[in-house]
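So the structure is just underneath, and the comments pick up after that.
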Number of protein chains: 4
Amino acid sequence: MAKRAVHASVKDERLIKKRRDQMIKGAVTLFKEKGYHRTTTREIARAAGFSIGTLYEYIKNKEDILYLVCDSIYDHVTERLEEEINNRTGNLQSLKAAIAHHFKVMDEMQDEVLVMYQEAKSLSKDALPYVLNKENELARVFEVMIRRCIETGELHLKETDISLIAHSIIVQGQMWGFRRWVIQKRYTLEQYIEIQTNLILYGITKKD
Amino acid sequence: MAKRAVHASVKDERLIKKRRDQMIKGAVTLFKEKGYHRTTTREIARAAGFSIGTLYEYIKNKEDILYLVCDSIYDHVTERLEEEINNRTGNLQSLKAAIAHHFKVMDEMQDEVLVMYQEAKSLSKDALPYVLNKENELARVFEVMIRRCIETGELHLKETDISLIAHSIIVQGQMWGFRRWVIQKRYTLEQYIEIQTNLILYGITKKD
Amino acid sequence: MAKRAVHASVKDERLIKKRRDQMIKGAVTLFKEKGYHRTTTREIARAAGFSIGTLYEYIKNKEDILYLVCDSIYDHVTERLEEEINNRTGNLQSLKAAIAHHFKVMDEMQDEVLVMYQEAKSLSKDALPYVLNKENELARVFEVMIRRCIETGELHLKETDISLIAHSIIVQGQMWGFRRWVIQKRYTLEQYIEIQTNLILYGITKKD
Amino acid sequence: MAKRAVHASVKDERLIKKRRDQMIKGAVTLFKEKGYHRTTTREIARAAGFSIGTLYEYIKNKEDILYLVCDSIYDHVTERLEEEINNRTGNLQSLKAAIAHHFKVMDEMQDEVLVMYQEAKSLSKDALPYVLNKENELARVFEVMIRRCIETGELHLKETDISLIAHSIIVQGQMWGFRRWVIQKRYTLEQYIEIQTNLILYGITKKD
DNA sequence: TATGAATGAGGTTTCATTCAT
DNA sequence: GATGAATGAAACCTCATTCAT
């Protein structure tokens, strides 16, 4: 799915990238603190280091900023995950490592991810599908790894279950940030990774 | 934790309950559609079937409405869960049934739950802890059931894992609503319940 | 000048008087504290000890309350002054005594008088003249006394100056309350009476 | 006492001064007519010649306008008085001239002064002391003149009386405006100045 | 390309007044 | 006579967006 174009009056592409990066950085900080709706465009401009007039040279309206922010967060998450799996072979060990790695990324970006989930609904009917699709792309990375483990015989799953489990992994990653007030009080990230990985892989039924 | 009092100018407690119920019903419908911030107090009043002046006889400010909505949703979810477990003995079978039952409730209330998660952040420092605590209460219901299964010997878990798994169950329930655009396209609720229950109980590692 | 009639739905004159007295008492307390505009009719009703509905059985609108308050304050001031001069013969000594007495009344009622002066402007074109006229009646009491002193030969004034001096006396009385934050810090009421009386009677130019 | 800062979003100090002057001018006209509370911010904006949005670029809230108005009136009065006394030597003749001059200023500004006295109470606990202090500064100008006359031997007064007399002069000046409906009907400004000056200087007791 | 003053639609909230009980 | 719930006009204020410089 192609990136949604955001209108800019300015022509210089290098400048557009630079200004939008400043803008996203400022916006994320503010959104974390007060959410999208309570943050004003003036505040974003100031946090980005330029004037409100300049802000509107690089976007068409406030929603564009939210879109750019969501897009940037997903790009970052996907990128981080892909750089990890490129170094891995497709066995259960590497699936475990990928889960651990992804959970660490979720820990680093918990504020950003929280923001995205709380505000994405404010995206127009136009931008929302693009962002939702990003989530699917992420899931597909895990689907591929799971499928490889099936091929190696390390996992034994029905085809239909695969995508659900992939999404499950992602949701468990988000859970670390979403429920921080209870989970992060009781577990370290390492403990959380271990328990969740075991849960996913081995379930909770007593074996013997 | 005691319910946070919401100020009303009107004295008649019966009337307060009635009007607030109308109000919550109207607000939920609107919040589902456009979110808390994009919904105006006037719209809420109209949807509730009375005038803006009347609305403010029953609340102090807009945030009170959000609080009432969140409170009401949690009450409903907790209530539904408790009515189920009252009929059950504390074995694995009844844990499974409780999970299935809770997932069905999450299905019925997916819009409401989504709203709550996206907007709860807009609650003041005053009301937020109360709402977060509700989540813990919900988790504790599952903790109790899991602990009973340990006592019967049907589950074999470390004490520390229990609360995490309880929260995990709740998160999986929410996932059905949060990821509806992908999950509900691919699975029926019954399938979802079965796969997730198996996943939680038995894990995904090939056995035998 | 006849008292302006204030409409009441209730017929019983005794009750009207009683309720309005409650109302005035409550209103004065509130007006002192927050002024006419910042005081709500509900607050007045509550302070008076009855409901908002009952309040409107005894007045037509909020301005009526202000009128009743102003009227009552003036009545009180005039009454207090007249009870004093009835005991006096018309010489300079009794003028001095009347001034002292009036200043004491102004001290007791400084809050009320302040309220009246700050809020009277909010009276309609209808009620204002009546209140202003009250001020004239008060001045006329002093005019009469001054004129008597001229007749006795104790004062020597042109006819035209008399009313101005009468008003001057009244203004000096109000000054005690209006400038309380500076004057009452530096002088006792007795000192103030003495200095102002001397000033009015003998001026400040060095004699001898 | 330092001027209280009023927040403006706009940076250009010259423009702030210009817009605030427009604003004060419009506000005074409206306040004269209907008082502070009955005047809306929209009306003030319109009277000032700009939009409601622009109004709020130069103030934080409605009360700021009242503060600016009071401040500006006092500044004007003080300024006018000081320009007069700079030309004078410190004798009785110049005190008389200063009184006359100040009364003329009070005549010109009677509406403004009336407004200030009726509405100053609406200032917050923050701004009120600053405005009250202005009154003291004004009184001190007269105190200085009176003290000079004592030094030259033209007046013979106890130290304690001086500030009271200074305040008395100011109050008599305000009286011209406050009681206009009775005093201005009976006396010209010149007559008023003469009678009041004589009253202050020589008293009303028959001499010789 | 950058600025920031100007705009005004639209948001939340208040409160005088009415009227059915 | 007394009540108090209901009303809605109107108040204050915000903030996304534009446009002249």
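Computed from a predicted model, the values in this text were never measured in an experiment. Numbered from 1 within each chain, the chains take letters A, B, ... in sequence-line order.
For dT14(E), the OP1/OP2 oxygens have no side-chain nitrogen or oxygen of Tyr56(B) closer than 4.0 Å.
The partner of dC15(F) is dG8(E), by the rule that a Watson-Crick or G-U pair needs both atom distances under 3.5 Å. The base-pairing partner of dT21(E), taking Watson-Crick or G-U wobble contacts with both distances under 3.5 Å, is dA2(F).
One interatomic measurement links the two molecules: CD of Glu43(D) to P of dC13(F), which rounds to 15 Å at whole-angstrom precision. Rounded to an integer number of Å, the gap from Tyr36(C) OH to dC15(E) C1' is 12 Å. Per the geometry, CZ belonging to Arg46(D) stands 18 Å off P belonging to dA6(E), to the nearest Å. Here dT18(E) presents its C1' atom at 13 Å from CD1 of Ile59(C), a figure rounded to the nearest Å. Per the geometry, NE2 belonging to His37(A) stands 12 Å off P belonging to dG11(E), to the nearest Å. If you take CD of Glu63(C) and C1' of dA16(E), they are 13 Å apart, rounded to a whole angstrom. Distance CD1 (Ile52(D)) to P (dC12(F)): 8 Å, rounded to an integer number of Å.
For Glu57(C), counting side-chain heavy atoms from C-beta on, the closest listed nucleotide (dT3(E), dG8(F), dT3(F)) is dT3(F). In this structure, the nucleotide among dT7(F), dT17(F), dT3(E) sitting nearest to the side chain of Phe50(B) is dT7(F). Distance from the side chain of Tyr58(D) is smallest to dA6(E) among dT3(F), dT13(E), dA6(E). Of the candidates dA16(F), dT3(F), dT7(F), the closest approach to any side-chain atom of Thr54(B) belongs to dT7(F). Nearest to the side-chain atoms of Ser51(A) among the listed nucleotides dT17(F), dG4(E), dT3(F) stands dG4(E). Considering only the side chain of Lys62(C), dT17(E) comes nearest among dT17(E), dA9(F), dC13(F).
In terms of position along DNA chain F, the nucleotide closest to Arg42(B) lies nearer the 5' end than the nucleotide closest to the other residue of the pair Asn61(D) and Arg42(B).
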- Query: When you look at Ser122(D) and Glu63(D), which way does the side-chain hydrogen bond (donor to acceptor under 3.5 Å, both in side chains) test go after all the steps?
  - Reply: CA-CA 8 Å; Ser122(D) 297; Glu63(D) 203 215 290; over 6 Å; no
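Only at 4.0 angstrom or more do the heavy atoms of residues 6-26 of chain D sit from any atom of DNA chain F, so none qualifies.
In this pair, Tyr67(D) and Tyr130(D) present their aromatic rings tilted. The plane angle is within the 30 to 60° band. Ring-plane geometry between Phe31(A) and Tyr36(A) is classed as perpendicular, the angle between the planes exceeding 60 degrees on a 0 to 90 degree scale with a lower cut at 30.
Using a 4.0 Å cut-off between charged nitrogen and carboxylate oxygen, Lys17(D) and Asp21(D) count as a salt-bridge pair.
Across all strands, Thr40(A) comes closer than 4.0 Å only to sugar-phosphate atoms, never to a base (heavy-atom distances).
We find the CG-CZ distance between Leu128(D) and Arg4(D) to be 10.5 Å, quoted to the nearest 0.5 Å.
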